Amino acid sequence: MAGNRRMTMAALLALGATSAQAAPVEVAEASIPQLQAALASGAVTSRQLVQAYLARIAAYDSQGPALNSIVTLNPAALAQADALDKERASKGPRGPLHGIPVLVKDNFDTKDMPTSGGALALATLQPAQDAHQVDKLRSAGAIILGKTAMHELAAGTTTISSLTGQTRNPYDLLRSPGGSSGGTGAAIAASFAAAGMGSDTCGSIRIPAAYQNLFGLRTTRGLASRTGVIPLSDTQDVAGPLARSVADLAIMLDATVGSDKRDAITAGTDAHVPKSYADALQPGSLKGARIGVLRSLFTIVSDDGDGKLVYDQAITAMRNAGAEVIEVAIPGLDEMLNDASASTFEFVEDLRRYLAAHPGAPVASLDAIVKAGLHHDQLDKRLRDPLAGPDRNAPGYQVLLAKRTVARAATDALLTKERLDALLYPTSLGRPPVIGAENIASNCRLSVVTGLPALAIPAGFTPRGLPVGLELLGAAFAEPRLLALGHGWEQLAKPRQPPFSTPPLVAGKAPGPQQTVVSLAGGGTAKATIRFSYDPTTARMHADVTASGTGRNAPIAVALHRSHEGGPGPILVPIMLRGQKRVSADLVLDALARADLVAGRLAAVLYTAAAPLGTGRTTLAFKPE
């Protein structure tokens, strides 16, 4: 079945790529209002939008940077686009999502695609009906383009699974996209759809948002239904959107929140849903806002000095925009947040109950998955521990729930006493971990234990191009105010920057490798020729070096240098060493080196005994093939 799914995806990708070549449509970084305006004017059709996103997925998800963010694609996406185009022509649009392609995490039930939760054991699970939020999206006219990769069963934050393997961060292909909604985060950052849906048990929407320069919202508990979403922890799970802009996030919220009789926690929530969340997005909303900096959550890990600079700059910018930013504290917060996760107590039973509601499920329990060895090795302990752990009847479970009551009361009291619009703190304590490393610490717990909404906002980038995120937490059902603050920040800072690895397509295809030949001439017989090839979608550079010279003119080294303040700078990498005359070398450029390359600040230098300080310095200047 998994093979058939991949075949279906390949066929759809080929169709999308071919069609996009015939009639290219640029969708990279396009917002939902921009796409809707193009549809309304007749400049594009929904079919063309689907084709354009399929072309980007074809170019960048399994090829090029190989983000590995998509699990499966909707085989009916083009037909659904055609139907929505016809409906638009005859009746007009249903609303801002009419004919707009979106992606959903692979733990949302979809009646036309399998729902695996990232588990090989569930690769053939075919729900009979859509998750509540998926159904609402379709009713709003959205096209569910496909399903995104996730950390297996949502049980972690690096997005690795037995079904899909490792998903990559489009801002640094050697790093994780966060998780568990990392596939949605990577895909939306790469413009594989207009916006996407994820779930958040403790940071699973907000961490990918921080790591991919996105906006992501963990809603007030009960604002949106979880019906049809594979659970990890009933008392902690929420499901909601990730997007490249606050306006897109508001549109997705409008389509997905509200009561659901099948999810008891949503009872009465309609009274808290505004006519449109987009109405809150007014200019200058930071002016006069009161924001409390919760400094106890700014504990910076040793390798995150660059992140601290971004946080400080963001806070200063908010103050300069007219926000009252004050330092605040919640006494005893550490104790309230320690050992506050309910998933150990709830996961086993909640997953069993979900699987029992799907008669065609190939397994009936977590125990069956683990006993069959149908889980990824990196999750072995994470999935075995709950099987041997306590359940809801354990005394510790009631202690945990009591902590939540205390934390909620203390947080509400602070927000009220200080008349705060929001609390501010970093989303994650550290940059995206390199692939294979353990999870980085995050501040996911405050929103979880209090049930209060938290909006992850992009704060900026480290000098080496890694995204940094901050979080705004507000009172219950204060989503409109949080979105207003996020919009104000977005208009002020313009923090959104697309990833280097997924640029706009050229005639429906990814940009090809770039080439240059550098000739270095030293004194006497010393010389070197270097043929460079650079792939801008992977940041991989290949160098073939041929050098010659005798005696004191024999080559000692050929090195690639940065420039520094217009003069010589440090060595980025030695690409040929003493005694070598012909050699090949490969390297991956980080964001700083990529910026240097574009700006003409990388140069090759030849070293000999006669010229120990270097000779023949030549700047790299690439041209497309």
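Since we're looking at a predicted model, the values are computed, not measured.
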Run the salt bridge (Lys or Arg N to Asp or Glu O under 4.0 Å) test on Arg94 and Glu87 for me, step by step, so that the C-alpha distance in whole Å, both residues' side-chain angles and the decisive distance to 0.1 Å come before the verdict.
CA-CA 9 Å; Arg94 302 180 193 181; Glu87 181 182 324; 2.7 Å; yes

Can Ser259 and Asp270 be said to form a side-chain hydrogen bond (donor to acceptor under 3.5 Å, both in side chains), step by step?
CA-CA 6 Å; Ser259 62; Asp270 290 344; 2.8 Å; yes

Leu424 and Phe298: which non-hydrogen atoms are nearest, and at how many Å?
O-CE1, 3.5 Å

Could you tell me if Asp130 and Thr110 have a donor-acceptor pair between their side chains, going purely by distance under 3.5 Å?
no

Take Asp312 and Lys308 through the test salt bridge (Lys or Arg N to Asp or Glu O under 4.0 Å) and record every step on the way to the result.
CA-CA 6 Å; Asp312 292 344; Lys308 181 179 184 302; 2.9 Å; yes

Do Thr235 and Ile265 come within less than 4.5 Å of each other through their side chains, counting heavy atoms only?
no

Taking atom types as modelled, find out whether Thr462 and Asp306 have a side-chain donor-acceptor pair closer than 3.5 angstrom.
no

A quick test of your reading: do over 12 heavy atoms of other residues, nucleotides or ligands sit less than 6.0 Å from CG of Asp339?
no

So, Tyr397 versus Glu346: side-chain donor-acceptor pair below 3.5 Å or not?
yes

So, are Arg319 and Glu324 salt-bridged, with charged N and O less than 4.0 Å apart?
no

Ion pair check, Asp248 and Arg244, cut-off under 4.0 Å
no

Pair Thr220, Glu479: side-chain N/O donor-acceptor within cut-off below 3.5 Å:
yes

Assert yes or no for the condition that the ring centre distance of Tyr425 to Tyr311 is strictly below 6.0 Å.
no

Minimum heavy-atom distance between Gly92 and His98, given as atom pair plus value
O-CE1, 4.2 Å

Only one of Asp263, Asp237, Asp350 clears salt bridge (charged side-chain N to carboxylate O under 4.0 Å, His left out) with Arg226; which?
Asp263

Looking just at side-chain N and O atoms, do Arg168 and Ser176 make a donor-acceptor pair shorter than 3.5 Å?
no

Are Gln133 and Arg138 linked by a side-chain donor-acceptor pair shorter than 3.5 Å?
no

Taking atom types as modelled, find out whether Ser199 and Asn107 have a side-chain donor-acceptor pair closer than 3.5 angstrom.
yes

Can you tell me how far the OG1 atom of Thr502 sits from the CG atom of Leu505, to the nearest 0.5 Å?
9.5 Å

Salt bridge or not for Arg290 and Asp421, using N-O below 4.0 Å?
no

Looking only at heavy atoms, what is the nearest atom pair of Arg431 and Pro467, with distance?
NH1-O, 3.1 Å

For Lys136 and Ser225, which I'm curious about, is there any donor-acceptor pair between the side chains at under 3.5 Å?
no

So CD1 of Ile457 and CD of Glu490: to nearest 0.5 Å the spacing works out to 10.0 Å

Looking at Arg218 and Glu471, does any basic side-chain N land under 4.0 Å from a carboxylate oxygen?
no

Could you measure the distance from the CZ atom of Arg175 to the CG atom of Asn169? Nearest 0.5 Å is fine.
8.5 Å

On the 0 to 90° scale, with breaks at 30° and 60°, tag the His272-Phe477 ring pair as parallel, tilted or perpendicular.
parallel

Minimum heavy-atom separation for Gln36 to Gly95, with atom names?
NE2-O, 3.7 Å

With no hydrogens and no angle check, just 3.5 Å: does a side-chain donor-acceptor pair link Thr184 and Lys105?
no

Which heavy atom in Pro208 sits nearest to a heavy atom in Gly203, and how many Å separate them?
CD-O, 3.6 Å

Taking atom types as modelled, is there a side-chain donor on Ser180 or Ser204 under 3.5 Å from an acceptor on the other?
yes

Distance (rounded to the nearest 0.5 Å) between Leu470 CG and Trp489 CH2:
7.5 Å

Cation-pi check, Arg56 to Tyr60: give yes when NZ or CZ is under 6.0 Å from the six-membered ring centre and within 45° of the ring axis, no otherwise.
no

Gap between atom SG of Cys444 and atom CD1 of Ile207 - 0.5 Å precision:
5.5 Å

Start with the C-alpha gap between Asp200 and Thr219, add the side-chain angles, then the distance that decides, and say whether side-chain contact (heavy atoms from CB on, under 4.5 Å) holds.
CA-CA 9 Å; Asp200 189 310; Thr219 56; over 6 Å; no

What closest approach, in Å, do Pro499 and Pro170 show between heavy atoms, and which atom pair accounts for it?
CB-O, 3.5 Å

Does Arg88 form a side-chain contact (heavy atoms from CB on, under 4.5 Å) with Leu39? I'd like the steps, not just the answer.
CA-CA 9 Å; Arg88 178 187 295 274; Leu39 289 166; 3.5 Å; yes

Check this for me: Glu438, atom CD, are more than 12 non-hydrogen atoms of other residues, nucleotides or ligands nearer than 6.0 Å?
no

